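Working notes, beginning with the structure itself.
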Amino acid sequence: MADTKREIERKYESDDSGLPDLTGVAGVEAVVDKGVAHLDATYYDTADERLMASSVTLRRRTGGSDAGWHLKLPVSEGVRDEIRAPLSDTLPDELAALVRSRVRGVELLPVVRLRSDRDVRHLLDADGGLLAEVSVDAVHAERLSGGVGDAQWTEIEVELADGGDPAFLDKVDKRLRKAGVRPSGSSSKLARALAETAPKKKLPVTGDPVTAGDHVLAYVRAQRDAIVELDPAVRQDAEDSVHSMRVATRRLRSTLKSYGKVLDRTVTDPIGDELKWLAAELGVDRDREVLSERLSAALDEVPGTLVSGPVAERLGVWSGGNPGGASARLIGVLDSRRHLALLDALDALIADPPLLKAAGKKPRKVIAKAVRKDFRKVSGLVGHALELEPGTDRDVAIHEARKKTKRTRYAAETARPALGDPAKTVVKSMKALQNLLGEHQDSVMARQTLRELSAVAHAAGESAFTYGLLYGREEQRAAEAEAQLPGLWDGIKGDAGAL
């Protein structure tokens with residue numbers, strides 16, 4: 001069974017001077033020598049180093065107190081989640097699943113062997129509590145595939161104790177720098193080993209986006225990366241991970257549609273269809289979860305004297321819930337051939353993009369035109385919705401306007417690097433409009449659910465009074481959103497004019 005540990009650490013270059021005295025660091029009462037551990041780790045990656053390209057490391061290590069398989073996923077600079085599984089001859093299924101979005105069907109190979117003599121010190125506070133672990137690692141790296149030779153170096157690693165204050169690392173950093181110790185130029189031992197044992201290659205010349213195609217592809221690449229990188233978080237049921245992946249799929253699909261003059265839609269439309277499928281699969285549990293939270297919060301606001309019958313219980317049964325983590329259905333989607341084929345198609349799209357003539361032009365005119373076109377469609381849909389009387393037809397029209405508003409927002413996000421503040425203004429205005437229209441749509445869906453729950457309760461001989469009360473309140477929330485729409489639209493309908 002794998003377990004996860006949040007790792008907050010800093011790495012430093014060390015010459016032969018060793019570890020400076022750390023007893024002078026504020027808050028450190030004692031520095032305790034914990035002896036030397038002999039560590040032997042084999043790191044795995046694909047032949048084209050897909051894991052390393054995403055700052056992900058996978059190793060099998062013996063020696064020390066945590067022998068086993070370790071998968072490290074980046075969180076932020078200096079922060080990683082280390083997922084550990086017991087020592088075994090083959091990669092545990094749990095860890096294999098967490099790298100599947102990056103590896104897919106490609107074989108994992110041993111790429112580097114690192115043997116380290118780790119001299120460990122514990123920094124303790126006045127109560128004997130652990131503040132941080134400091135180690136001096138004498139490292140010998142041996143290339144196993146994809147390169148030649150070996151390398152040796154010494155580094156200092158400072159890892160914050162579980163639950164510690166990250167500001168403490170700043171105090172240690174100050175002391176180390178004062179002693180002449182330098183921050184490491186590599187993000188990890190593996191990164192340094194690969195760099196020092198890799199065959200010499202001529203690096204490609206890169207730069208800022210220049211053409212319209214460059215800008216669009218940069219945004220496409222960012223959303224592809226988000227989908228891939230969020231995969232482990234979704235599998236682990238991390239907070240907001242499903243929503244974030246769904247947003248990335250929507251952003252990507254919208255971009256392929258909005259910039260059809262840049263990327264050939266005869267190529268991208270089939271990919272868009274698959275992105276729509278993925279978004280729908282991600283939304284199955286998410287939509288019900290959001291709606292359940294809305295109805296539960298609304299029920300909490302109802303005085304107890306007005307709650308008639310087992311309303312909370314029926315709502316709980318309807319919402320289901322998933323206390324065991326990510327649903328097996330959703331993990332099945334992520335493991336499916338269809339999903340992995342979609343990721344391969346996105347890689348191929350980025351590697352060999354179907355660029356049209358407009359892609360080679362300067363970005364300002366091409367990109368601004370695409371955003372204005374989407375904005376005009378929003379304008380027409382909002383205007384149509386406002387002409388209708390309250391009711392089902394207006395509800396449908398507002399929902400259509402909301403979908404187009406999202407697409408325009410994402411098109412403007414793509415445009416921001418090229419167009420600057422005018423695009424930023426459109427993003428802000430579309431987000432405000434999306435939120436208002438989203439509140440209205442949530443009310444529509446809540447009322448539909450309340451009708452269904454009311455019918456079930458009535459058939460069981462229970463009172464439907466509270467469902468009707470909640471329904472009325474949702475009607476009021478929708479009416480308030482509709483009342484705000486004309487004023488909000490008047491304030492933003494000219495924002496695209498500056499593009």
Side-chain angles (χ1 to χ4, degrees), residues 6-22 25 37 39-46 48-59 61 70-82 102 111-121 123 132-160 166-208 225 229:
R6 176 62 54 90
E7 182 182 82
I8 303 176
E9 65 180 18
R10 298 185 188 181
K11 296 180 181 293
Y12 299 87
E13 306 275 355
S14 174
D15 298 322
D16 295 330
S17 55
L19 185 68
D21 181 16
L22 297 177
V25 175
L39 309 176
D40 191 341
T42 299
Y43 288 77
Y44 290 79
D45 205 339
T46 59
D48 55 359
E49 298 178 7
R50 297 184 183 185
L51 297 184
M52 193 61 231
S54 300
S55 300
V56 173
T57 60
L58 174 64
R59 72 187 179 201
R61 190 169 77 182
H70 304 155
L71 173 65
K72 297 191 179 188
L73 302 173
V75 176
S76 59
E77 185 176 358
V79 182
R80 295 186 291 182
D81 279 341
E82 182 177 274
R102 294 174 169 91
V111 292
V112 166
R113 182 183 183 187
L114 292 181
R115 284 169 287 179
S116 304
D117 292 329
R118 170 165 288 182
D119 191 359
V120 180
R121 307 283 194 281
L123 307 186
E133 179 176 287
V134 182
S135 63
V136 179
D137 294 346
V139 184
H140 176 220
E142 178 187 0
R143 189 73 177 232
L144 302 178
S145 62
V148 293
D150 56 11
Q152 298 183 54
W153 69 89
T154 300
E155 69 178 37
I156 295 174
E157 184 177 290
V158 184
E159 181 175 346
L160 189 68
F168 176 71
L169 294 183
D170 294 333
K171 299 175 183 178
V172 179
D173 179 84
K174 183 177 181 181
R175 177 70 185 91
L176 291 174
R177 288 174 184 260
K178 189 175 181 179
V181 177
R182 308 174 305 278
S184 176
S186 298
S187 59
S188 66
K189 290 182 178 66
L190 176 61
R192 180 165 181 173
L194 290 173
E196 295 195 10
T197 63
K200 301 302 180 182
K201 297 180 181 179
K202 185 177 181 179
L203 296 176
V205 178
T206 60
D208 294 330
D225 291 348
E229 291 165 8

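None of these values were measured; they are calculated from a predicted model.
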**OP:** Check each of Val172, Leu123, Leu169 against Leu160 using the side-chain contact (heavy atoms from CB on, under 4.5 Å) test, and report the only one that passes.
**Re:** Leu169
Subject >> Listed partners of Ser54 passing side chain to side chain contact (heavy atoms under 4.5 Å, CB included), at least two apart >> reply: Val56, Arg102
**OP:** Would you name the heavy atoms of Phe168 and Ala132 that are closest together and state the gap between them?
**Re:** CE2-CB, 3.8 Å
Original post:
Would you say the side-chain atoms of Arg50 pair up with the backbone N or O of Asp45, donor to acceptor, closer than 3.5 Å?
Top reply: no
**OP:** Would you indicate whether the side-chain heavy atoms of Leu144 and Thr42 approach each other to under 4.5 Å?
**Re:** yes
**OP:** Test Leu51 against Tyr44 for side-chain contact (heavy atoms from CB on, under 4.5 Å), laying out the working first.
**Re:** CA-CA 9 Å; Leu51 297 184; Tyr44 290 79; 5.8 Å; no
Original post:
Going by an N to O cut-off under 4.0 Å, is there a salt bridge joining Glu82 and Arg80?
Top reply: no
Original post:
Would you find a donor on one side and an acceptor on the other, under 3.5 Å apart, between the side chain of Arg121 and the backbone of Val136?
Top reply: no
Subject >> Residues Arg192 and Ser186: side-chain donor-acceptor under 3.5 angstrom >> reply: no
Original post:
Between Ser188 and Met52, what is the shortest heavy-atom contact and its length?
Top reply: OG-CE, 4.2 Å
**OP:** Run through Ile8, Asp173, Leu176 and flag the one making a side-chain contact (heavy atoms from CB on, under 4.5 Å) with Val158.
**Re:** Leu176
**OP:** Check whether any side-chain heavy atom of Arg175 sits under 4.5 Å from a side-chain heavy atom of Asp21, and report yes or no.
**Re:** yes
Original post:
Where is the tightest heavy-atom contact between Ala141 and Leu114, given as atom of each residue plus distance?
Top reply: CB-CD2, 3.2 Å
Subject >> N-O pairing of Asp170 and Arg177 below 4.0 Å >> reply: no
Original post:
Can you tell if the side chain of Trp153 reaches within under 4.5 Å of the side chain of Lys189, non-hydrogen atoms only?
Top reply: yes
Original post:
Donor-acceptor pair, Glu157 side chain versus Glu9 backbone, under 3.5 Å?
Top reply: no
**OP:** Using a 4.5 Å cut-off on heavy atoms from C-beta on, say whether the side chain of Asp150 contacts that of Glu196.
**Re:** no
Subject >> Short N-O contact, Asp137 and Arg118, less than 4.0 angstrom >> reply: yes
